[in-house]
Amino acid sequence: MSTLTTRQQDYSQWYNDLILKGGLADYSSVRGCMVIKPYGFALWENMRDQLDRMFKETGHQNAYFPLFVPKSLFEAEEKNAEGFAKECAVVTHYRLKADPSKKGKLIVDPAAKLEEELVVRPTSEAIIWNTYKGWIQSYRDLPILINQWANVVRWEMRTRLFLRTAEFLWQEGHTAHATKEEALAETVKMLDVYAHFVEEFMALPVVKGVKTANERFAGAEDTYCIEALMQDGKALQAGTSHFLGQNFAKAFDVKFAAKDNSMEYVWATSWGVSTRLIGALVMAHSDDQGLVLPPRIAPLQVVIVPIYNKDAIAREKIDKKAAELVQALKEKGIRVQFDNDDSTRPGWKFAEHELRGVPIRIALGARDLENNQVEIARRDTKEKSQHSLDGLLDHVSFLLTDIQQNLFNRASQFRAEMTNEANNWDEFVKLLDEKGGFISAHWDGSPETEEKIKELTKATIRCIPIDNKPEAGKCILTGMPSSQRVLFARAY
RNA sequence: CGGGAAGUAGCGCAGGCCGGUAGCGCAUCUGGUUUGGGACCAGGGGGUCGCAGGUUCGAAUCCUGUCUUCCCGACCA
């Protein structure tokens, strides 16, 4: 059978192998675009559904805005437009016609040129604020708390499955508020929702922080983020929440009448997470045998593998007991599959389900039935043990919780080991090259210094942690005074 | 977008330099034996050699273009 590249051999190839052989996604014939396969999409659906519940619990509603943004609207907020201009797909024509010189071929009909080009949304602030203008007259119309699940297109030069593709799926929240304080509170609230989701459901610890000016979303006053650490010591931005100030309100002239009858610009936020989270999940927990998925979002939580033998009566008994187990587990809300496919043998199934990251495997054979037990294997530690059929349901529930917790603990411990302080340039470079991970260091606060450090080391400031403590120090590069440490890392 | 590599059966690859019947392993199908960590025997099916031009009596092979993917870089909130 095909074997996986190990992390040590080639981390990038290992990642690709897991995505492809684990059945999450496939390459497509469209440059930079991938196909999300059913197993990968099931994973996304679980993530999406949970996030959607959390958005609704915090008062948001879903809506849908157009894929196309007229160029004139897109360019209205200048910084935002500039920031995305280089990666926009643009629709210029609306019709094809038969190629007069080549039979059976089509060409773009020059007569069908659009009067105004349409930008395929790289993000939706423009079309949404253009719409909000018509919805907002009074403070009574605020706040507007809307989210949309959508696809966006960013024409990337270099793509990687799930981490960076030309088209990807995400959600984008767009809220409008009467006051700055309320908009700021919303920005932080949604950052907390993201952090909670990623930690509790994806079992991945994150650092909450604020981006520096260099890394800020184009058009935002402030960009908040959650940053996660991958097994190769590189950081990955897992979600962002932006305080947009009144930038979009001014660009699209969205004002409201306040209680005192004064006209004021609306305050805005936007926030998003994408299918990139799947990439984070894969790189954070998986091992050389395949995917390792946290039980709370795994498409399949338990797989039951029958161990048959020649004895047809024993086979019937196994099937019967397995059916009972499936029924009982389903009633407890556990996602379970009985893998009685007769064309593969147990060993093959074991390897396959490990590759796909199913948290718990239960093996059930004649020998087990005689002893009123099953063999249980957990994916995170690969431990195998026998367990009595009595009390099995509770044990499975316990294990799912325990695996979830263990994955989080493991990732937390790894991150703790990989987060270090550097107090001068030599220490910084040494840590970066020999260990990787997050490096907490002083920075003089200037964009120029940040840029210089990036040029020299490829490390960027991932964020200024929200819970940062003030601490006097000197910038590792310039020696200029600094009031706090920031988190550096090489990143995806 | 620059540098490197690759595209031949579903998957992994050989063949290519030196043009002449398209091959191997796995998978698949049929029959049988099996089943506690990727089973075995026997028989069978499956390919416009990424695509488009060109050279040639003849192209997987040589030439040109083009598309797609991977790795490195630039770029990328």
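Here is how names work: the chains are called A, B, and so on, in the same order as the sequence lines, proteins then strands, and each is numbered from 1. Because the structure is predicted, anything quoted here is derived from the model rather than measured. We use all heavy atoms of the structure for the numbers below, so side chains are in, but hydrogens, waters and symmetry mates are not.
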Participant: So, does the side chain of A:Lys382 form a donor-acceptor pair with the base of B:rG37 at under 3.5 Å?
Facilitator: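 Counting by modelled atom types and ignoring angles, no donor-acceptor contact under 3.5 Å is found here.
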Participant: Does anything in residues 301-311 of chain A form a side-chain hydrogen bond (donor to acceptor under 3.5 Å, both in side chains)? List the pairs, not counting sequence neighbours.
Facilitator: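 Applying side-chain hydrogen bond (donor to acceptor under 3.5 Å, both in side chains) to every pair that reaches into residues 301-311 of chain A, excluding sequence neighbours, yields A:Tyr308-A:Asp319.
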Participant: Under a 3.5 Å cut-off for both distances, is B:rG12 Watson-Crick or wobble paired, and to whom?
Facilitator: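 Base-paired to B:rC24.
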Participant: What is the distance from CH2 of A:Trp170 to P of B:rA77, rounded to the nearest Å?
Facilitator: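 Nearest whole value for this atom pair: 12 Å.
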Participant: Which nucleotide, if any, forms a Watson-Crick or G-U wobble pair with B:rA5, using both distances under 3.5 Å?
Facilitator: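 Answer to the pairing question: B:rU69, which forms a Watson-Crick or G-U pair with B:rA5.
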Participant: What is the pairing partner of B:rA59, taking Watson-Crick or G-U wobble pairs with both distances under 3.5 Å in any strand?
Facilitator: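 Result: none.
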Participant: Take atom P in B:rU61 and the same atom in B:rC17, then report the distance between them in whole Å.
Facilitator: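 9 Å, rounded to whole Å.
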Participant: Toward the 5' end of RNA chain B, which comes first, A:Asn80 or A:Gly32, by nearest nucleotide?
Facilitator: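 First, find each residue's nearest nucleotide; the 5'-ward one identifies A:Gly32.
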Participant: In whole Å, what is the span from the CD atom of A:Glu352 to the P atom of B:rA39?
Facilitator: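 Between P of B:rA39 and CD of A:Glu352: 12 Å.
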Participant: Rounded to whole Å, please give me the gap between CZ in A:Phe243 and C1' in B:rA77.
Facilitator: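 Rounded to whole Å, this separation is 18 Å.
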Participant: Applying side-chain hydrogen bond (donor to acceptor under 3.5 Å, both in side chains) as the test, list every pair that has at least one member in residues 359-369 of chain A; sequence neighbours left out.
Facilitator: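 For residues 359-369 of chain A, and leaving out neighbouring residues, the side-chain hydrogen bond (donor to acceptor under 3.5 Å, both in side chains) pairs sorted by first residue read A:Glu354-A:Arg361.
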Participant: Holding to ring pair (Phe, Tyr, Trp, His ring centres under 6.0 Å), I want the full list of residues that pass it with A:Tyr194, two or more places apart in sequence or in another chain.
Facilitator: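 Ring pair (Phe, Tyr, Trp, His ring centres under 6.0 Å) check on A:Tyr194 returns nothing, list empty.
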Participant: With rounding to whole Å, what would you report as the distance between B:rG46 and B:rU8 at their C1' atoms?
Facilitator: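 Those two atoms are separated by 14 Å.
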Participant: Give a yes or no answer on whether the side chain of A:Arg121 reaches the backbone of A:Pro66 with a donor-acceptor pair at less than 3.5 Å.
Facilitator: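 Yes, the answer is positive, given that a donor and an acceptor are paired below the 3.5 Å cut-off.
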Participant: Please give the distance between the P atoms of B:rC40 and B:rG2 as a whole number of Å.
Facilitator: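 These two P atoms come out 49 Å apart once rounded.
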Participant: Categorize A:Lys458 for me: base, sugar-phosphate, or nothing, with a 4.0 angstrom heavy-atom threshold over every strand shown.
Facilitator: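 The answer is sugar-phosphate, as A:Lys458 gets under 4.0 Å only of primed atoms, P, OP1 or OP2.
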Participant: Starting at atom CZ of A:Arg462, determine the distance to atom P of B:rC76, rounded to an integer number of angstrom.
Facilitator: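 Rounded to whole Å, this separation is 14 Å.
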Participant: B:rU69 and B:rG32: how far apart are their P atoms, nearest whole angstrom?
Facilitator: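 Straight-line distance between the two P atoms is 46 Å.
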Participant: State whether the side chain of A:Asp339 and the backbone N or O of A:Val303 hold a donor-acceptor pair below 3.5 Å, judged by distance alone.
Facilitator: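 Not confirmed, A:Asp339 side chain does not pair with A:Val303 backbone.
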Participant: Could you pull out all residues at least two apart from A:His387 that satisfy ring pair (Phe, Tyr, Trp, His ring centres under 6.0 Å)?
Facilitator: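 Partners of A:His387 by the ring pair (Phe, Tyr, Trp, His ring centres under 6.0 Å) criterion, ordered by chain and then number, come out as A:His395.
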Participant: Quantified in whole Å, what is the C1' atom distance between nucleotide B:rG3 and nucleotide B:rA9?
Facilitator: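 Going atom to atom, C1' in each nucleotide, I get 33 Å.
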Participant: Could I get the full list of ring pair (Phe, Tyr, Trp, His ring centres under 6.0 Å) partners for A:Tyr11, not counting sequence neighbours?
Facilitator: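 For A:Tyr11 the ring pair (Phe, Tyr, Trp, His ring centres under 6.0 Å) partners, ignoring immediate neighbours, are A:Trp14.
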Participant: In whole Å, what separates the C1' atom of B:rC63 from that of B:rG19?
Facilitator: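 The answer is 13 Å between these two C1' atoms.
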Participant: Classify the nucleic acid contact of A:Arg361 as base, sugar-phosphate or nothing, counting any heavy atom under 4.0 Å across all strands shown.
Facilitator: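 The answer is base, as A:Arg361 lies within the cut-off (heavy atoms under 4.0 Å) of a base atom.
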Participant: Does any part of the side chain of A:Tyr39, heavy atoms only, come nearer than 4.5 Å to the side chain of A:Arg356, both counted from C-beta?
Facilitator: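 Yes, close enough: below the 4.5 Å cut-off.
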Participant: Whole angstroms only, please: what is the CZ-P distance between A:Arg164 and B:rU69?
Facilitator: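 It works out to 15 Å between those atoms.
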Participant: Check the surroundings of atom NZ in A:Lys234: do more than 12 heavy atoms from other residues, nucleotides or ligands lie under 6.0 Å from it?
Facilitator: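 More than 12 heavy atoms, drawn from other residues, nucleotides or ligands, come within 6.0 Å of this atom.
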Participant: Round to the nearest Å and state the distance from A:Asp311 atom CG to B:rU33 atom P.
Facilitator: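 Between P of B:rU33 and CG of A:Asp311: 15 Å.
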Participant: Which residues pass the ring pair (Phe, Tyr, Trp, His ring centres under 6.0 Å) test with A:His60, not counting sequence neighbours?
Facilitator: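 A:His60: ring pair (Phe, Tyr, Trp, His ring centres under 6.0 Å) contacts with A:Trp271.
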Participant: Please determine whether a side-chain nitrogen of the Lys or Arg among A:Glu324 and A:Lys321 lies less than 4.0 Å from a carboxylate oxygen of the Asp or Glu.
Facilitator: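 Judged by the 4.0 Å cut-off on N to carboxylate O distance, A:Glu324 and A:Lys321 do form a salt bridge.
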Participant: May I have all residue pairs that pass salt bridge (charged side-chain N to carboxylate O under 4.0 Å, His left out) and include part of residues 428-444 of chain A, sequence neighbours excluded?
Facilitator: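 Non-adjacent pairs meeting salt bridge (charged side-chain N to carboxylate O under 4.0 Å, His left out): A:Lys430-A:Glu434, A:Asp433-A:Arg490.
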Participant: Strictly under 3.5 Å: I want the nitrogen or oxygen pairs between protein and nucleotides 34-36 of chain B, one per line.
Facilitator:
residue	atom	partner	partner atom	Å
B:rU35	O2'	A:Tyr308	O	2.6
B:rG36	OP1	A:Arg345	NH2	2.6
B:rG36	N7	A:Arg367	NH1	3.4
B:rG36	O6	A:Arg367	N	3.0
B:rG36	O6	A:Asp368	N	3.1
B:rG36	O6	A:Asp368	OD2	3.3
B:rG36	N1	A:Asp368	OD1	3.3
B:rG36	N1	A:Asp368	OD2	2.3
B:rG36	N2	A:Asp368	OD2	3.1

Participant: Are A:Tyr27 and B:rU68 close enough that a side-chain N or O sits under 4.0 Å from OP1 or OP2?
Facilitator: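 No, A:Tyr27 has no side-chain N/O under 4.0 Å of OP1/OP2 on B:rU68.
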Participant: Could you check A:Glu125 against A:Thr123 for side-chain hydrogen bond (donor to acceptor under 3.5 Å, both in side chains), going step by step and ending with a plain yes or no?
Facilitator: CA-CA 6 Å; A:Glu125 276 79 3; A:Thr123 180; 2.6 Å; yes
Participant: For nucleotides 1-10 of chain B, just jot down a letter per nucleotide in 5' to 3' order: B, S or -, based on protein non-hydrogen atoms under 4.0 Å.
Facilitator: B---------
Participant: Please compare A:Ser12 and A:Ser28 by the position of their nearest nucleotide in RNA chain B and report the one closer to 5'.
Facilitator: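 Looking at the nearest nucleotide for each, A:Ser28 comes out on the 5' side.
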Participant: Rounding to the closest angstrom, what is the interatomic distance between B:rG50 and B:rG16 at atom P?
Facilitator: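 Those two atoms are separated by 16 Å.
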Participant: If the C1' atom of B:rG65 is compared with that of B:rU28, how far apart are they to the nearest Å?
Facilitator: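 The same atom, C1', in both gives a distance of 37 Å.
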Participant: Sequence neighbours left out, cut at 3.5 Å: what donor-acceptor pairs do the side chains of residues 156-165 of chain A make with other protein atoms?
Facilitator:
residue	atom	partner	partner atom	Å
A:Arg160	NH2	A:Ser12	OG	3.4
A:Thr165	OG1	A:Glu167	O	2.8

Participant: Hey, does A:Val305 reach any base, or is it just sugar-phosphate, or nothing, if we go heavy atoms under 4.0 Å?
Facilitator: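 It contacts nothing in the nucleic acid.
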Participant: Using purine N1 to pyrimidine N3 plus N6-O4 or O6-N4 for Watson-Crick, or N1-O2 and O6-N3 for G-U wobble, both under 3.5 Å, which nucleotide pairs with B:rC49?
Facilitator: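 WC or wobble partner does not exist here.
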Participant: Do any of residues 206-237 of chain A sit with a heavy atom less than 4.0 Å from RNA chain B, and if so which?
Facilitator: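 Here the set is A:Asn214, A:Glu215, A:Arg216, A:Phe217, A:Ala218, A:Gln237.
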Participant: Nearest-Å distance, NE2 (A:His353) to P (B:rG38)?
Facilitator: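 That distance rounds to 15 Å.
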Participant: Distance check needed: B:rC72 C1' versus A:Asp10 CG, whole Å only.
Facilitator: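 So the two atoms are 12 Å apart, to the nearest Å.
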Participant: If you restrict it to nitrogen or oxygen atoms, what contacts under 3.5 Å exist between nucleotides 29-32 of chain B and the protein, and what is each distance?
Facilitator:
none

Participant: Between A:Tyr27 (side chain only) and A:Gly32 (backbone N and O only), is there a donor and an acceptor less than 3.5 Å apart?
Facilitator: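 Not a single qualifying donor-acceptor pair exists.
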Participant: According to the interplanar angle, ranging from 0 to 90°, do the rings of A:Phe488 and A:Phe428 count as parallel (below 30°), tilted (30 to 60°) or perpendicular (above 60°)?
Facilitator: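 Rings of A:Phe488 and A:Phe428: perpendicular, over 60°.
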Participant: Could you check whether A:Glu75 pairs with A:Lys71 (Lys NZ or Arg NE/NH1/NH2 to Asp/Glu carboxylate O, under 4.0 Å)?
Facilitator: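 Counted as a salt bridge, because a side-chain N and a carboxylate O are separated by less than 4.0 Å.
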Participant: A:Glu354 side chain: which of B:rG37, B:rC72, B:rC76 is closest?
Facilitator: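 So the nucleotide nearest the side chain must be B:rG37.
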Participant: Which one is paired to B:rC40, where only Watson-Crick or G-U wobble pairs with both distances under 3.5 angstrom count?
Facilitator: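 The base-pairing partner of B:rC40, which may sit in any strand shown, is B:rG32.
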